[in-house]
Amino acid sequence: MSVATNPAATSPVDALLAQLDQIIVGKSEQTRLALACLLARGHLLIEDLPGMGKTTLAHALAAATGLNFNRVQFTSDLLPADIIGVSIYQQEDHRFQFHPGPIFTNVVLADEINRATPKAQSALLEAMEERQVSVEGTTYELPKPFFVIATQNPRHLVGTFPLPESQLDRFLIRIEMGYPGREAERELLKGEDRRDLYRSIKPVVDGPQLLALQEQVHQVHVSDALLEYVQDLLAASRSTSQFANGLSPRAGLGLVQAARAWAFVHHRKMVLPEDIQSVALSVMIHRLHPADTGQAAPELVQQLLDTVPIP
Amino acid sequence: MARPQHHPDASALNWIIASAVVVLAPLTLEFPLWLSFAVAGLFAWRYAGLHHGWYQPGRIVRYALTFFLAGAVFKEYGTLLGRDAGMAMLAGLIALKFIESRTIRDYLLVAFLLYLVIAGDFFYSQSLAHGGYMIIAVLVCTATLIRLNQDHARLPIVSFRLAGTLLLKALPLMLVMYLLFPRLQGGLWGLPSDAYAGRTGLSDSMNPGSINQLSQNTEPAFRVEFDGDVPANKDLYWRALVMWDTDGREWRAGKMMPLETGEPKKFGEPVSYTITLEPSNKPWLVALDRPSTIPKLAFPRSGYLIQGRSLVKKRVRYDMQSQAQQRTDKIGDVTRQRSLALPDNTSDRVRRLAASWRSQYVNDRDVAQAALRYFNQNEFVYTLEPPLLGQNPVDEFLFETRRGFCEHYATSFATLMRAAGIPSRIVVGYQGGEYNEGGEYMIVRQSDAHSWNELWLPNEGWVRVDPTGAIAPERIELGSDAVRRLSSQGLPLGSLSPELLEQAMKLGAMARAWRNSRMLWDNINLQWYRWISDYTFERQEKFLNNLGVYAPTWLGMLAGLLGGVALLTFAFAWAMRLRRRTRDPVVVAYNQFSRKLARAGIVRGSSEGAKAFSERVVLSFPGQIAAIDSITNMYNELRYGDGSEELLVKMQKLVRDFSVGKKEAV
């Protein structure tokens, strides 16, 4: 796929992609998936080694959409209150007052989420699912749109608490950044610091516009024939003995929603089986676990896609 | 995915052992004890090796064991061939194969051999219970095969469910094969000669007590299905044998007499029926008195008997017709001589008794009546437990013990008649039977064995006279079962009032239920036999006739069979296709497009989307890019978007007009 750098792009989606591709060089697949995830109202999990541009992607997304952005660095001593906020006793009027935590923003970058304890992780994940926070009996709505980008180090690195499967399911899409290509890396090395670059980004859309885009994604047509295909995929994941367990209905919903966003990013009014196939790996990879540890999940998912016929 | 070098996990081997136990268990009844233990021991040895790391035999030990097995089987049976020795060798070799099995391929072989054992097991029995057990064995074996092919241990129910589904799906195919597989006259796989041995039943000689032996034996002798009404019990005389010769103690059938000539005079309604005779290992067939037809598998014998062309070693089924009849032509000299021959030890008392009747009556029939009256009016008792008789049983019975049953009366009566100069003989067979209402057929058991007499009367021919009827009419009218029940209640036979008799014969609820369930089971067994075991060449021919196929040839049937199997397979594939088939005209049109491309050498993968496919296609046909893109976009729009009817028409036209040559050079 070619890198879209047309500044005169007419649709806001193209403009957004153009902005992102300027900063994240040579990773158009990942930037499109990340944008699709945002548009599908999902949350994004980025898994890769440190220094691969995970944080940069999160920053760029926030900057290009003109949304408020907070970053929480997850560490092993992070407490739920550090994320959600805390009620502090006010001497003057003799009552507690809630001080919102960093989660009260549009885009949250939960950096190295698997370095925190499960307790802190679950505080974030609860907020992700409910899009609201309850502190001492009071419910606080989170701002709209609300989008969490969590980064995670590969599990085998030292000092990590791997996310349990139930919480991995909360993330719509999981991507890996991967090493840049030789050309892209050269450009990266030559160019200025990425962090300076995204500070100069002018937002292409604002909050209400983004919400409108999300609404449009929801309007993308999904036919019965396509749902048939999705159901065949789900059934196949459940019947094969290669996976410890099959895909949940939530995973099926996510697959359709992500495919809608993917079709929308590609200016299509309906979802094609190819859209499903394009997002399937990213949607399924963190939800399916090979029954036999000797086999790699990506290959098995690809095998699943190759064997299930399109009805 | 069979990987020949793959080593199965230990639990998969437990499955093999389990199925071997299930399959071989019924054979332990047939095998000598040492063989059962040897086979079990070999399996246990392998099990211990797998789970407890016991020493396993090396190549040389295994060879030695094989030779030892062959030697032992030869010593036991005197051969390595035939049913018993063959099955023994098979079981032993399976155990030996199991002990040397290492790879999955070896274990699969063991499983396949177990199927062979299941097939061989039917040499021993083809009964319903046995068949049911073997279905379970097939299920276990199939589940084992499935288990062996699994990469991971899954719940046993998974294997069993799949095995059950497979077998059920194979059922129609099995039925076609079963009904149409050419059956050769005389049988393709003749049963080994040792298949049926040691059957009890009538024999061609009669000693005092030989029928009494049978009276305890409630095994069915044969079953009868009547075409019309069932005759009354007192008319159910089933002929099997005629005894001519006696030495005063034993009666024998003796040499065969020349066949009666001349057409008999028939009267009365003919009775048509079908007999299913249990194996007796004897040549004679039973028939209702008197047979007027001869089944295909038999020939007539003198004395209105029919005899099979070979010994009855397995169940036979034949259609018969009987009708009251008489031959009034003259009795031959040889016959006359034989039917008047008195044994040397005939006592004076017997001769005097006969002479007294002879002098009293002119008519032979009146003499016979006098004899019957003699039995009836003196203190003769019908009992199944008579006192033992010595060297001159007729004399002792007539004048001293006076306690006996049919054979005592028949032999005494025959002797008396011969002494009075009336040609007489003894007929041995069965009398009565138990009617199975559910199955509408009659069971005649070994305990219904009976003997009676026939006298030659001038102008009437051979006439049946049953002296037992003079003593115990219940035996003739109600059957042997009634006699047993009455005797067990201590009631005297021959002098019961009808009310008392009815009361004594009434069955309790439990006894009725027990009888009904026994009858039901017997009926199921008979139907099993009719449709499964007895599905012979003749029955197959009849079945095909019903289908409108006449005089089938072996080759024609084979062709029919193959055709049937092909048709079934095709129908199955078609049904599968129909299920997947979409009526969507969009898909139909697109498939047409795909087919055109497939003919040009580019085949769409089943999981390939239309757009991805078109991207691949235009590489080969850059000239057609416009048409390909249009069709693809229209297809996607119609199938996944909300395309209109006009678009479909447009797409169908585009597809019709679309044509590609051979793959263009890229």
Side-chain angles (χ1 to χ4, degrees), chain A residues 1-2 219-233 235-246 256 259-260 262-264 266-281 289-295 300-311, chain B residues 1 3 6 9 12 146-147 149-155 157-159 161-162 165 576-591 593-594 603-617 629 631-644 647-648:
Chain A
M1 229 177 275
S2 64
Q219 301 303 323
V220 171
H221 183 74
V222 172
S223 69
D224 283 347
L226 188 96
L227 290 180
E228 191 91 351
Y229 179 49
V230 171
Q231 284 192 300
D232 284 354
L233 282 174
S237 80
R238 289 164 193 164
S239 66
T240 176
S241 60
Q242 288 171 322
F243 299 114
N245 34 27
V256 172
R260 274 193 167 120
W262 184 263
F264 183 75
H266 292 85
H267 311 296
R268 236 178 287 114
K269 292 267 175 285
M270 73 278 187
V271 181
L272 298 183
E274 284 94 330
D275 297 324
I276 297 282
Q277 289 173 349
S278 300
V279 297
L281 186 67
H289 301 281
D292 184 345
T293 45
Q295 284 166 301
L300 290 181
V301 172
Q302 194 54 51
Q303 203 178 319
L304 187 74
L305 291 175
D306 288 343
T307 48
V308 176
I310 297 171
Chain B
M1 273 174 284
R3 287 168 288 173
H6 171 64
D9 52 313
I146 290 167
R147 176 63 186 83
N149 280 296
Q150 279 168 358
D151 288 337
H152 310 284
R154 310 190 60 180
L155 284 179
I157 186 75
V158 176
S159 307
R161 198 186 301 140
L162 185 55
T165 319
M576 295 295 284
R577 221 181 105 93
L578 268 187
R579 215 163 57 172
R580 293 202 66 88
R581 198 195 178 106
T582 35
R583 293 259 165 254
D584 192 347
V586 180
V587 179
V588 173
Y590 187 74
N591 284 346
F593 169 70
S594 302
V603 182
R604 186 166 84 102
S606 65
S607 67
E608 196 174 18
K611 202 160 149 297
F613 181 52
S614 77
E615 278 160 19
R616 201 155 62 85
V617 171
D629 274 356
I631 290 172
T632 305
N633 287 338
M634 285 176 191
Y635 169 69
N636 278 336
E637 185 68 35
L638 284 162
R639 185 145 171 82
Y640 299 108
D642 40 6
S644 59
L647 194 64
L648 173 62

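Below, chain A is the first sequence line, B the second, and so on; all start at residue 1.
- Within a 6.0 Å sphere centred on CG of A:D306, other residues, nucleotides and ligands contribute more than 12 heavy atoms.
- The two residues B:K611 and A:L272 make their nearest non-hydrogen contact at CD-CD1, 3.8 Å.
- For the atom pair NZ (A:K269) and CG (B:N636), the distance works out to 15.0 Å, reported to the nearest 0.5 Å.
- The CZ atom of B:F613 sits 11.5 Å away from the CD1 atom of A:I310 when rounded to the nearest 0.5 Å.
- No other option in B:G605, B:G641, B:S606, B:S607 has as many heavy-atom pairs under 4.5 Å with chain A as B:S607.
- Both the backbone and the side chain of B:E637 come within contact range of chain A, each with at least one heavy atom under 4.5 Å from a heavy atom of that chain.
- Proximity of B:E615 to A:E274: side-chain heavy atoms (C-beta onward) are nowhere separated by under 4.5 Å.
- In this structure, CE on A:M270 lies 12.5 Å from CZ on B:R639, to the nearest 0.5 angstrom.
- For the atom pair OH of B:Y640 and CG of A:L227, the computed distance is 10.5 Å after rounding to the nearest 0.5 Å.
- Heavy-atom distances place the backbone of A:L305, and not its side chain, under 4.5 Å from chain B.
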